[in-house]
Amino acid sequence: MSAQVTTPRAQRPPAARRARRSSAPARGRRQRETRAAMLFLAPDAIGLLIFVALPMVLSVVLGFFWIDGFGNFDFIGVDNYVRMAQDPQFLNSAVVTLIYLVTLVPLIFVTGLGLALLVQQKFPAVGLIRSALFMPYVVSIVVVAMVWQFMLTDRTGVIASVLAWIRLDGISFLGDPRYALGTVIVVTIWLQMGYYMIIFLAGLQDIPAELYEAARIDGAGPWARFRRITLPLLAPTSFFVLLTSMVAVVTGGLDMIFVLTSGGPANSTSLLIFYIYQQAFLFGDLGYAAAIGSVLVAILLIISAAMFVVTRGGRFTHDD
């Protein structure tokens with residue numbers, strides 16, 4: 001019968017004692033880094049809680065009430081949501097928003113990436129060109145929309161005059177339902193492409209140049225390098241651009257639509273965000289506007305969650 005031999009604490013191997021002594025400072029350093037990270041994140045987290053999360057919850061609650069904006073309210077249950085399903089103008093705005101989203105987000109992605117690929121090259125005045133492309137983004141949306149409205153005015157606008165000079169007059173870009181939404185999309189791309197160009201440019205500059213040199217040595221052409229190196233390594237940047245542009249397109253089109261078309265002509269540019277504004281501030285039906293807003297937020301959350309699941313948060317395909 002053999003007796004179990006135990007090693008006294010004082011007789012433990014020196015390596016074990018050194019491992020215990022070295023792990024304690026490491027744990028303390030990780031705890032300090034965690035506390036520092038939480039302190040840095042706290043201001044943004046508090047702001048998101050107060051100005052984003054709380055209004056989202058409040059819009060869901062208000063959607064179950066009739067509110068006239070003068071302090072009068074009444075609980076009506078799901079009547080606002082039933083009305084929404086039967087409201088032809090809501091359905092029209094939802095279709096317009098879907099067309100606007102599906103068209104604009106890919107165009108912003110392609111335009112931003114294309115400009116970034118161009119301005120990352122070394123040529124004279126490249127810094128000036130980058131600044132010029134980014135400049136529209138820092139200008140007020142209202143100012144941009146007013147300038148474009150002036151240029152697109154029928155018969156007297158700059159663009160109408162140029163088209164008349166080449167015998168293409170008679171096109172009403174903002175007054176014809178066939179062209180109004182497309183015109184708003186073009187103006188929005190012109191406004192936002194510089195911002196997303198900068199985002200893509202930052203992602204391109206993080207890709208090691210050695211990868212391209214190795215690909216050239218192996219005989220890879222420009223398209224192969226772009227497909228095998230640039231696109232895969234831009235996956236996190238591409239995910240960020242798609243997610244932020246989607247949210248910006250759906251929730252940030254009010255100013256542009258309000259100045260350029262006011263939802264017309266024939267409601268052809270009436271986005272959901274503009275319809276919410278109409279119900280809340282023109283018709284005074286705050287409860288119905290809150291219900292539409294809560295549905296819009298829910299749709300955005302579902303799409304965002306699906307993007308996170310499908311792309312794994314924009315991570316590289318070879319990550320585990």
Side-chain angles (χ1 to χ4, degrees), residues 43-105 140-142 145 180-181 184-185 188 192 242-308:
D44 277 345
I46 294 173
L48 288 173
L49 178 64
I50 296 175
F51 298 108
V52 177
L54 186 59
M56 287 169 58
V57 175
L58 187 60
S59 69
V60 174
V61 175
L62 295 179
F64 295 99
F65 288 82
W66 171 82
I67 307 171
D68 64 358
F70 297 98
N72 302 315
F73 61 93
D74 186 24
F75 180 77
I76 59 174
V78 297
D79 287 358
N80 282 327
Y81 296 94
V82 174
R83 172 187 170 187
M84 196 184 310
Q86 301 171 351
D87 184 359
Q89 181 54 40
F90 167 78
L91 299 176
N92 174 77
S93 297
V95 172
V96 172
T97 303
L98 180 61
I99 296 173
Y100 187 70
L101 175 67
V102 172
T103 305
L104 187 54
V105 170
S140 169
I141 297 178
V142 175
L181 185 61
V184 173
I185 290 173
T188 305
Q192 297 188 0
L242 289 174
L243 186 61
T244 56
S245 62
M246 178 194 68
V247 175
V249 163
V250 174
T251 63
L254 176 60
D255 296 339
M256 185 73 71
I257 295 295
F258 183 85
V259 176
L260 282 179
T261 63
S262 295
N267 294 319
S268 60
T269 60
S270 179
L271 302 178
L272 277 177
I273 190 69
F274 183 78
Y275 190 54
I276 292 171
Y277 160 78
Q278 286 181 312
Q279 291 295 326
F281 299 105
L282 296 183
F283 307 144
D285 198 344
L286 298 179
Y288 188 48
I292 299 174
S294 63
V295 170
L296 183 60
V297 169
I299 293 173
L300 284 176
L301 290 176
I302 292 172
I303 296 175
S304 300
M307 291 177 62
F308 269 96

_Going by side-chain contact (heavy atoms from CB on, under 4.5 Å), L181 matches just one of T269, T261, I257. Which one?_
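Of the listed options, the one satisfying the test is T269.
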_Closest heavy-atom pair and its distance - V60, S294_ = CG2-CB, 3.7 Å
_For a quick test of reading the model, state the closest non-hydrogen atom pair linking A85 to L91 and the distance between them._
O-CD1, 4.1 Å
*Just checking, any donor-acceptor pair under 3.5 angstrom between side chains of Y275 and T97?*
no
*In chain order, what residues pass the side chain to side chain contact (heavy atoms under 4.5 Å, CB included) check against L254, with sequence neighbours excluded?*
I273, F274, Y277
*Got a sec, which residues hit side chain to side chain contact (heavy atoms under 4.5 Å, CB included) with P55, two or more places apart in sequence or on another chain?*
none
*Any residue meeting salt bridge (Lys or Arg N to Asp or Glu O under 4.0 Å) with D285, in chain and number order, not counting sequence neighbours*: R83
*Backbone N/O of S93 and side chain of S270: donor-acceptor pair under 3.5 Å*: no
*asked:* Taking L242's backbone N and O only, do any of them form a donor-acceptor pair with S245's side chain (distance below 3.5 Å, no angle check)?
replied: yes
Can you list every salt bridge (charged side-chain N to carboxylate O under 4.0 Å, His left out) pair that touches [range], not counting sequence neighbours?
range: residues 257-267; answer: none
range: residues 267-282; answer: none
range: residues 246-269; answer: none

*Out of N80, D87, D79, which one pairs with Y288 under the side chain to side chain donor-acceptor pair (under 3.5 Å) rule?*
D87
*So, do L296 and V250 sit near enough that their side-chain heavy atoms are less than 4.5 Å apart?*
yes
*Does atom CZ of F258 have more than 12 heavy-atom neighbours, drawn from other residues, nucleotides or ligands, at distances under 6.0 Å?*
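No, CZ of F258 has 12 or fewer neighbouring heavy atoms, counting only those of other groups under 6.0 Å.
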*F283 atom CZ: more than 12 heavy-atom contacts under 6.0 Å*: yes
